[in-house]
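Down below is the structure, laid out as structure tokens.
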There are 2 protein chains.
Amino acid sequence: MLSYTEENYLKAIYHLSDSGTKAVLTSEIAETMNTKAASVTDMIKKLSNKNLIAYEKYYGVKITKQGRHEALMVVRKHRLWETFLVQKLQFSWDEVHDVAEQLEHIQSSLLIEKLDEFLEFPTVDPHGHPIPDKSGKIVEVRQIPLSECSGKKKIIVRSVKHGSPSFLQYLSKIGVYIGASVSILDKVEFDGSLEIMIDSKKKVFISREAAQNLLVTE
Amino acid sequence: MLSYTEENYLKAIYHLSDSGTKAVLTSEIAETMNTKAASVTDMIKKLSNKNLIAYEKYYGVKITKQGRHEALMVVRKHRLWETFLVQKLQFSWDEVHDVAEQLEHIQSSLLIEKLDEFLEFPTVDPHGHPIPDKSGKIVEVRQIPLSECSGKKKIIVRSVKHGSPSFLQYLSKIGVYIGASVSILDKVEFDGSLEIMIDSKKKVFISREAAQNLLVTE
DNA sequence: ATATTTTTTTAGACTAATCTAAATTTTTAT
DNA sequence: ATAAAAATTTAGATTAGTCTAAAAAAATAT
């Protein structure tokens with residue numbers, strides 16, 4: 001069984017590796033975990049000994065099949081708890097992250113399966129991120145940043161790339177939510193900002209950064 | 001802020017001291033925490049330095065006002081989570097303890113207040129134990145062991161003294177639950193066992209130990 | 001191609017929580 | 001009242017996770 005800290009490292013490596021596809025550097029892990037490279041090296045050795053990652057000195061790590069599965073189970077728990085907090089306890093989507101960071105480490109498969117059932121087997125969390133099922137399977141929907149959309153087609157907001165509380169609060173303020181329908185009215189040459197229409201009733205300008213951080217389907 | 005371990009020690013001391021009224025010995029703590037006396041001495045010093053307990057060498061510890069409050073907050077969280085697991089996730093009352101032991105350490109006052117509200121401010125948990133409110137207040141209802149009841153008055157089962165999974169499973173099996181109405185039909189001289197009627201429809205014999213572990217109001 | 005910079009690893013130390021073994025204090029028994 | 005037993009504390013060691021400083025390797029820049 002993995003420790004609290006091991007689970008956190010493994011999850012960080014999973015996310016940094018694009019869901020387990022590419023290698024991750026010691027320094028990247030140190031940055032996202034807010035630790036020093038020396039500490040990361042120590043933990044890398046531990047996870048490597050448990051066959052959760054493949055480690056080659058000085059060349060970073062790659063997550064193994066087993067490691068990917070363990071990481072997915074933590075991600076599953078995190079996202080189910082976030083869904084619970086928003087749907088059942090009336091948290092707003094910008095308040096759930098830190099609490100879910102704690103809840104994701106509760107060890108009880110009975111709990112998580114019952115929670116999943118209670119929530120009626122959701123496939124995405126409050127930020128639009130997919131929830132792995134019991135076996136680790138994810139339903140991936142191809143999404144692109146709003147900043148890369150063209151023309152006047154109907155666009156649906158599917159998820160946020162990075163869900164910082166301040167970005168999420170901003171979205172709420174301007175009326176953007178997961179599932180919202182938007183259309184692009186104009187693109188400003190000067191700074192790449194967009195004028196968009198939300199739900200056919202509200203016009204707003206959003207910056208290029210914001211548009212790059214909103215993932216949509218056309 | 002208290003560590004996971006400090007919270008557990010404090011909670012154990014609270015329970016062993018009859019809700020903070022009497023002194024507790026090092027060896028008692030060691031026994032319930034499954035640790036050695038030497039480890040307990042170390043932790044006692046830590047909690048004492050934080051003014052959560054009053055410690056006199058060789059004479060055990062007494063919980064302070066502040067320590068009692070901290071312990072009550074952990075107890076509150078434990079019992080609210082148990083209530084959630086049974087009422088919302090359909091756990092049975094013998095399955096909740098170990099999971100609640102983990103959940104009680106989640107740090108978020110927003111979470112616990114919202115959970116309380118979601119459960120509609122319950123006053124007792126699935127084992128009939130009182131749930132402290134936000135400020136630590138407990139509604140104590142005077143209860144006596146079923147073994148000490150006399151005559152044929154109407155008796156209501158209020159709580160279990162010690163809720164081990166096996167005892168709880170046994171109660172379910174014979175049809176006893178919190179709130180059940182029982183009456184005493186006969187007391188066996190030989191071994192102190194009782195013949196009782198449950199909800200005016202089922203007669204069973206229960207041992208003296210079982211009767212001592214069931215708390216009721218007459 | 002070699003020197004400089006950057007990244008990574010190693011070595012050694014620290015804290016929290018635990019342990020065993022030894023020393024000390026209290027309790028119990030005669 | 002004193003000796004034996006039991007409980008408690010102290011001393012010193014261990015493990016997980018972290019750190020700083022130094023050494024080693026890789027990347028980069030001229």
Side-chain angles (χ1 to χ4, degrees), chain A residues 1-17 22-63 67 70-71 74 98 101-102 104-107, chain B residues 1-17 22-63 67 70-71 74 98 101-102 104-107:
Chain A
M1 219 187 61
L2 300 184
S3 73
Y4 191 101
T5 311
E6 288 170 333
E7 286 192 343
N8 278 335
Y9 271 93
L10 202 56
K11 186 179 52 143
I13 294 167
Y14 171 79
H15 287 310
L16 286 168
S17 69
K22 60 174 216 199
V24 180
L25 301 177
T26 302
S27 51
E28 298 179 279
I29 301 170
E31 169 136 32
T32 59
M33 297 289 296
N34 286 309
T35 54
K36 303 292 160 157
S39 311
V40 173
T41 301
D42 286 345
M43 181 52 77
I44 275 175
K45 287 178 186 164
K46 257 183 89 180
L47 295 175
S48 180
N49 286 336
K50 294 190 175 185
N51 286 309
L52 299 167
I53 56 177
Y55 170 47
E56 230 191 311
K57 258 193 186 181
Y58 294 101
Y59 286 92
V61 301
K62 270 199 76 171
I63 205 158
E70 293 286 349
V74 179
D98 292 353
E101 285 286 301
Q102 297 179 61
E104 72 188 9
H105 300 290
I106 303 292
Q107 302 285 357
Chain B
M1 220 186 59
L2 299 185
S3 74
Y4 191 100
T5 311
E6 288 170 334
E7 286 191 344
N8 278 336
Y9 270 92
L10 202 55
K11 186 180 52 143
I13 293 168
Y14 171 79
H15 287 310
L16 286 168
S17 68
K22 60 175 217 200
V24 180
L25 301 176
T26 302
S27 52
E28 299 179 278
I29 301 170
E31 169 134 32
T32 58
M33 298 288 296
N34 286 307
T35 54
K36 304 293 161 160
S39 312
V40 174
T41 301
D42 286 346
M43 180 53 76
I44 275 175
K45 287 178 186 163
K46 256 182 90 180
L47 294 176
S48 181
N49 286 335
K50 294 189 175 186
N51 287 309
L52 299 167
I53 56 177
Y55 170 46
E56 232 191 309
K57 259 193 186 181
Y58 294 101
Y59 286 93
V61 302
K62 272 199 75 170
I63 205 158
E70 294 285 348
V74 179
D98 293 352
E101 285 286 299
Q102 298 180 60
E104 73 189 9
H105 300 290
I106 302 293
Q107 302 286 357

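Below, chains carry the letters A, B, ... as their sequence lines are ordered, and counting in each starts from 1.
Looking at the side chain of B:Y59, the nearest of the listed nucleotides D:dT8, C:dT8, C:dT27 is C:dT27. Checking D:dT18, D:dT9, C:dT7 against the side-chain heavy atoms of A:T5 singles out D:dT18 as nearest. Side-chain proximity of B:A38 to the nucleotides D:dT10, D:dA21, D:dA24 is greatest for D:dT10. Here the nucleotide nearest the side chain of A:T35, chosen from D:dC19, C:dT24, C:dT10, is D:dC19.
For the side-chain contact (heavy atoms from CB on, under 4.5 Å) test with A:I63, the passing option among A:V24, A:L47, A:L16, A:L10 is A:L10; the others fail.
Rounded to whole angstrom, the span from the CE atom of A:M43 across to the P atom of D:dT15 amounts to 16 Å. For the pair A:K45 NZ and D:dT18 C1', the computed distance is 14 Å after rounding to whole Å. Regarding A:E31, its CD atom lies at a distance of 14 Å from the C1' atom of C:dT7, rounded to whole Å. The separation between A:D42 atom CG and D:dT18 atom P is 9 Å, rounded to whole Å. One atom, CD1 of A:I44, and another, P of D:dT18, lie 13 Å apart when rounded to the nearest Å. Separating the CD1 atom of A:I29 from the P atom of D:dT18 is a distance of 13 Å, rounded to the nearest angstrom. The nearest whole Å value for the distance from the NZ atom in B:K36 to the P atom in D:dA7 is 13 Å. For the pair A:E56 CD and C:dT8 P, the computed distance is 14 Å after rounding to whole Å.
Interatomic distance, B:K57 NZ to B:T41 OG1, rounded to the nearest 0.5 Å: 10.0 Å. Rounding to the nearest 0.5 Å places OG1 of A:T35 at 10.0 Å from CG of A:D42. If you take CG on A:N49 and OH on A:Y55, they are separated by 11.0 Å, rounding to the nearest 0.5 Å. Distance check: A:M33 CE to A:I13 CD1 gives 8.5 Å after rounding to the nearest 0.5 Å.
As judged by a 4.0 angstrom heavy-atom cut-off over every strand, B:Y9 is placed among residues touching the sugar-phosphate backbone only. B:S39 comes within 4.0 angstrom of a base, heavy atoms only. Note on A:T41: a base of the nucleic acid sits closer than 4.0 angstrom, heavy atoms only.
For the OP1/OP2 pair of C:dT8 and a distance below 4.0 Å, the side-chain nitrogens and oxygens of A:Y55 include no atom meeting the criterion. The phosphate of C:dT6 (OP1 or OP2) has no side-chain N or O of A:S27 nearer than 4.0 angstrom. A close approach under 4.0 Å does occur between a side-chain nitrogen or oxygen of B:K57 and OP1 or OP2 of D:dT10.
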